[in-house]
Amino acid sequence: MKAENSYFDYAAPVFDKNMQKQISKTRPLVVLAGQQNSGKSTLFNMLTGANQHIANYPGVTVDKKSGIYRHNKIRIDVVDLPGTYSLTSFSLEERVARDFLFSSHPDVVVNVVDAANLKRSMFLTLQLLEAGFLPVLALNMIDVASRRGLIIDKNRLEDCLGIRVIPTIGRKQQGKKALKNIIGQMITGEIKSKPLCMQYENIEPLLDFIEKKLSGYQQNSADYPLRWLAIQILEGDEDAKKYVRNLLKDDDSFLSGISSEKIAFEKKHGFDISDYIAGCREKTAADIIKKCVSAPTNANQLTSTVTFTEKIDKVLLNRVLAPLFLLAVVYIIYDLSIIRGYHLTQYTWPLLASMRNMIAGLLPDAGLLTDPFLRSFALWIIDSVITLLNYVPIFFILFGLIAILEDTGYMARIAFIMDKLFHRYGLHGQSTLPFILAGVFAGGCAVPGVMAAKAIPDEQSRMATILTVPFMNCMAKIPLYTLIVNIYFADHKSWAMLFISTITIITALGVARLLTITVINKMPKAPFVMALPAYHLPTIGSVLRRALERVWIYMKKVGTIVVVVAVVIFVLLRWPGINKQQSLEYQNQMEQAEDVFYTKIGANNIYMNQISGDNLLILLNYYNDYKRALFASGGGKRKLAVDRKFRLRNDLFYSLIKPGQDKDAKKISRAFKKLYSKRKRFRRKMKEERILSSFLGMTGKTLEPVTRVAGFNWKINVALLSSFAARESSVATLGVLFRKGAEDNLTLEQRMDNEGKAKGFTSLNALALMLFFALYPPCLATSIMIKVQTQSYKWMFFSIIFPTTLGLIVAGLAYSAGSFLNITGIWMMCLFYGTALAVTFALGFLKNKN
Amino acid sequence: MKKKQRRSQRRSNDYQGICRLDKLKPGCRGRIRRHRGKGAIRRRLLDLGLVPETTVAVICVAPLNDPILLKLETDQIALRKQEAALIEIEMLPKDSI
Ligand SMILES: Nc1nc2c(ncn2[C@@H]2O[C@H](COP(=O)(O)OP(=O)(O)O)[C@@H](O)[C@H]2O)c(=O)[nH]1
Ligand SMILES: [Mg+2]
């Protein structure tokens with residue numbers, strides 16, 4: 001987050017240790033540098049194939065893609081840098097790219113350029129030359145260039161720049177061999193380049209003067225090329241100035257001397273030195289293009305010819321059609337990933353469930369009332385992991401669709417369309433992607449949402465986005481919403497769902513505005529300046545690859561956190577646990593139940609021997625496994641397979657639970673099912689008591705006086721507390737706590753409803769619960785991601801405490817207002833919606849004093 | 001409202017003067033004269049090729065009236081009016097677009 005992470009800090013003598021470790025290289029290093037969408041990643045994939053690895057750059061969360069390939073028996077490291085327009089820093093990613101270039105001392109820099117847009121690319125190329133890198137120019141997308149009728153004279157270009165040029169078509173793997181050969185020759189030193197040295201006529205004496213002065217100071221002349229450093233100082237680069245100030249031991253007279261030279265220059269010529277430098281580069285680039293590229297039309301007239309991309313934009317960015325199209329796109333994403341993806345999980349869920357049952361079979365068997373520690377612990381962890389894995393199909397589709405949007409170039413257009421609205425609320429056009437990923441309407445995950453926020457160049461907006469993304473409706477919030485809506489708003493289902501899916505974005509905007517005018521109002525802002533890429537057809541390969549990459553990162557990051565958190569919650573929910581006396585009492589009751597069972601089946605039942613003693617427990621567990629397997633099978637034909645499997649496992653037991661005409665077996669079956677549900681009830685009761693006397697339960701009880709303002713009892717508190725660990729566990733915890741009636745096969749909805757009515761839990765309480773849940777702090781995985789992205793514990797704690805307080809206040813207000821006005825939940829919902837809309841609307845007109 | 005717009009458009013077509021980039025209407029072209037911005041934003045604009053003496057055209061304005069979409073040779077560049085106001089241009093006669 002800190003701007004000090006700049007390349008000059010990495011330079012000797014203040015070399016960053018992390019970077020140093022990273023760059024102590026043993027193999028030749030090739031770095032791919034270029035503008036966004038020039039095809040770096042495509043060429044990177046072309047070079048390395050599947051042999052790649054994603055990590056972070058030290059200290060920041062920008063993805064660093066590296067890979068290896070073999071050429072003439074040498075292994076060569078390749079790194080794909082984030083896109084950069086120039087060697088000046090604008091966004092975090094650009095800063096990282098620049099730092100890495102300077103600190104890693106690459107053997108070869110491959111400058112990937114878009115041949116169809118060569119002039120723009122020349123800026124970076126010229127700067128790379130100036131900074132002393134001897135790049136190889138990968139003239140990518142020549143297919144696009146020739147389609148536009150551009151003819152590029154490769155040899156001439158090589159002569160002009162003094163470096164090697166390789167035409168490539170990344171998409172079709174063309175130019176791979178030539179590129180590898182040249183890289184190999186550069187590494188072995190067979191190629192000597194004579195790079196172009198750009199001249200800046202009017203300031204050459206000044207550059208000379210600075211170079212001379214600095215040459216006495218910089219011990220290791222290889223650190224930075226002096227000429228480049230001199231140009232940076234004249235361009236007014238803050239990082240360069242800082243570096244020089246350091247070098248000169250805080251002697252400011254030199255830099256102030258330069259400043260007055262600059263002023264004198266401006267007086268004399270009527271324009272700024274940095275404009276002059278940029279102008280010189282532009283002229284040089286134009287010169288090169290003129291010499292080497294022949295275009296069908298006069299290049300100067302290009303502004304008045306209409307490209308294909310522009311024609312599409314005429315429609316897609318049209319004032320009326322743009323919002324419609326955008327809505328349609330978001331709807332399609334929602335439909336394909338959430339609705340269809342959810343449908344898909346119906347097929348993947350049985351797989352996961354049977355995997356769980358298989359593992360459960362390997363664990364020690366369940367006890368009568370309490371299970372062996374290993375069993376309950378392992379199953380707890382597996383259940384947490386499975387809930388996560390269950391989302392994988394949804395995320396795969398979601399990430400794939402996002403990759404398509406990015407590859408086609410429409411994602412940048414979404415930012416363009418939405419910027420005005422977001423900017424009003426202190427956010428940024430590029431906040432759109434994080435919000436979509438986190439689930440604007442319904443279904444997403446805040447973790448990739450927070451991760452995606454790093455692309456926002458504006459620090460203030462980035463922070464506001466990170467802090468409001470958790471308000472979106474992530475996948476794990478939905479089960480609770482569904483539960484509540486089904487119980488308390490059954491008559492107005494679709495309205496309630498509409499309320500939930502839009503109230504989040506309304507509050508997120510309002511909160512973002514509040515934050516940007518208060519806590520984060522001092523953070524640096526950056527303008528919205530963005531080159532929109534030309535429309536491309538995405539390739540299946542790159543879309544799949546990107547989707548897999550992201551799913552993998554998500555699973556790795558969330559997976560590890562979920563396991564750790566599951567352990568913690570397990571402990572908190574289990575200890576100190578119920579006392580001996582209580583558990584003795586349950587044991588007595590269970591024994592009585594067994595006695596009843598044996599009397600009922602009659603002493604001379606012919607199966608008596610097979611089900612007495614330890615066998616009874618085995619039969620109970622057998623039946624339990626059977627029921628679970630039936631449930632997991634999803635019914636239909638697979639049910640028959642389950643039956644077959646269990647008959648195979650124990651033919652006798654099977655005939656007891658599914659008795660035919662056999663009288664004795666029938667007797668057992670009837671009595672046994674009673675015993676089975678009694679055991680289940682005892683176990684549930686014990687579990688509830690254990691939770692109540694656990695750390696988490698006690699905390700829930702202690703918090704009751706506070707949470708009562710919003711109408712939450714201790715059970716809800718426990719559910720909310722455990723849902724901080726992982727959202728989806730809220731419904732599971734509620735399921736345990738509202739257990740009464742479960743034996744009579746009532747659904748959780750009915751049970752909560754029954755108990756609610758008895759205790760006065762009304763739709764108003766339900767509304768308060770929903771509101772709190774909407775504003776509730778990010779789950780732990782997200783909190784940790786926030787720590788990673790902001791590089792600060794302070795913001796992580798803020799991201800937890802602030803929404804909790806806000807949520808409690810909002811839920812409390814809604815609850816008391818509703819009680820005071822004596823209206824039902826649905827009316828309060830409308831009232832709340834109107835108020836929130838009005839407040840957010842008003843906040844949009846609040847001017848930022850900055 | 002519409003009438004007013006039309007009138008101002010006519011005026012801007014007649015008057016080939018100097019104005020700020022954000023005042024340029026969609027479909028109009030101009031030549032960049034100088035930047036009034038300083039620091040990072042100025043460098044960014046220069047990096048993107050919005051260099052003095054180059055010609056830009058306004059393709060369109062976003063549905064909510066901000067940002068604007070510029071055309072610079074074959075590139076499309078989006079920027080907010082706030083930043084566009086920092087660029088001084090000389091209006092060019094409106095060609096066929
Ligand atoms: N037509 C064409 N498209 C290409 C070529 N190389 C890459 N692309 C496409 O350009 C887009 C951007 O490429 P990518 O590698 O992601 O660019 P990066 O931002 O520099 O990493 C992708 O949709 C690629 O499929 C090429 O040589 N020809
Ligand atoms: Mg890339």
Side-chain angles (χ1 to χ4, degrees), chain A residues 85-86 88-90 116-117 119-120 123-124 148 235-238 271-272 274-275 277-279 281-283 285 299-307 309-310 313-314 317-323 326 412-413 415-421 423-424 429 457 526-534, chain B residues 21 26-88 92-97:
Chain A
Y85 281 100
S86 71
T88 48
S89 60
F90 187 71
N117 205 341
K119 190 170 165 204
R120 195 79 310 106
F123 265 54
L124 180 64
R148 288 201 194 147
E235 279 195 285
D237 187 295
E238 285 306 319
F271 47 77
D272 193 287
S274 52
D275 277 8
I277 293 176
R281 281 195 197 126
E282 174 77 14
K283 221 182 281 157
N300 286 332
Q301 292 297 307
L302 270 177
T303 32
S304 49
T305 57
V306 180
T307 60
T309 293
E310 236 172 287
D313 276 341
K314 276 261 150 64
L317 296 182
N318 174 290
R319 208 166 273 250
V320 182
L321 296 179
L326 180 58
R413 265 99 188 159
F416 175 70
I417 296 169
M418 297 299 294
D419 183 67
K420 175 70 181 280
L421 178 73
H423 186 49
R424 268 242 138 122
F528 179 89
V529 188
M530 211 171 142
L532 301 188
Chain B
L21 182 53
C28 295
R29 302 194 305 149
R31 187 180 296 121
I32 297 179
R33 281 175 50 93
R34 67 190 192 103
H35 289 258
R36 293 223 205 81
K38 290 265 175 294
I41 174 61
R42 176 197 203 105
R43 294 209 59 170
R44 181 54 157 205
L45 294 171
L46 293 174
D47 284 346
L48 285 169
L50 292 163
V51 179
E53 293 306 306
T54 48
T55 305
V56 293
V58 176
I59 300 175
C60 68
V61 179
L64 295 170
N65 240 336
D66 197 13
I68 56 176
L69 188 59
L70 299 179
K71 181 173 179 182
L72 186 96
E73 290 174 19
T74 52
D75 269 8
Q76 298 201 353
I77 293 170
L79 77 167
R80 287 189 192 138
K81 286 189 171 168
Q82 202 182 330
E83 277 82 39
L86 297 173
I87 301 176
E88 207 174 81
L92 296 176
K94 193 173 160 193
D95 275 4
S96 59
I97 263 198

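In what follows, chains carry the letters A, B, and so on, assigned in the order in which the sequence lines appear, proteins first and then strands, with residues in each chain numbered from 1.
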How long is the gap from CZ on A/Arg120 to CG on B/Leu48, to the nearest 0.5 Å? 7.5 Å

Nearest 0.5 Å, please: how far is NZ in A/Lys314 from CD1 in B/Ile59? 7.5 Å

Is it the side chain or the backbone of B/Leu69 that comes within 4.5 Å of chain A heavy atoms, both, or neither? both

So do the side chains of B/Val51 and A/Phe123 get within less than 4.5 Å of each other, counting heavy atoms only? yes

A/Glu282 side chain near B/Thr54 side chain, heavy-atom distance below 4.5 Å: yes

Nearest 0.5 Å, what's the CZ-CD1 distance between A/Phe416 and B/Ile77? 12.0 Å

A/Pro527 and its side chain to side chain contact (heavy atoms under 4.5 Å, CB included) partner, picked from B/Ile41, B/Leu79, B/Leu45: B/Ile41

Less than 4.0 Å between a side-chain N and a carboxylate O, is that true for A/Asp419 and B/Arg80? yes

Taking B/Asp75 first and then A/Lys119, would you say they form a salt bridge - that is, a charged N and a carboxylate O separated by under 4.0 Å? no

Checking B/Arg34 against A/Asp272 for the salt bridge (Lys or Arg N to Asp or Glu O under 4.0 Å) test, could you report, in this order, the C-alpha distance in whole Å, the side-chain angles of both residues, the deciding distance, and whether it holds? CA-CA 9 Å; B/Arg34 67 190 192 103; A/Asp272 193 287; over 6 Å; no

Proximal component of A/Phe528, with respect to chain B [non-hydrogen, under 4.5 Å]: both

Decide yes or no for B/Gln76 and A/Arg413: does some side-chain heavy atom of the first lie under 4.5 Å from some side-chain heavy atom of the second? yes

Please walk me through it: do B/Asn65 and A/Arg319 pass side chain to side chain contact (heavy atoms under 4.5 Å, CB included)? CA-CA 9 Å; B/Asn65 240 336; A/Arg319 208 166 273 250; 3.8 Å; yes

Report the option among B/Ala62, B/Gly49, B/Cys60, B/Pro67 that has the most heavy-atom pairs separated by less than 4.5 Å from atoms of chain A. B/Pro67

Heavy-atom distance under 4.5 Å to chain A: side chain of B/Gln82, backbone, both or neither? side chain

In terms of heavy-atom proximity below 4.5 Å to chain B, should A/Leu321 be classed as side chain, backbone, both, or neither? neither

CG-OH distance between B/Leu46 and A/Tyr85, expressed to the nearest 0.5 angstrom: 14.5 Å

Between NZ of B/Lys71 and CG of A/Leu532, what distance do you get to the nearest 0.5 Å? 13.0 Å

With B/Arg33, which residues qualify under salt bridge (Lys or Arg N to Asp or Glu O under 4.0 Å), at least two apart? B/Glu88

Please classify the contact between A/Ala412 and chain B as side chain, backbone, both or neither, with a heavy-atom cut-off of under 4.5 Å. neither

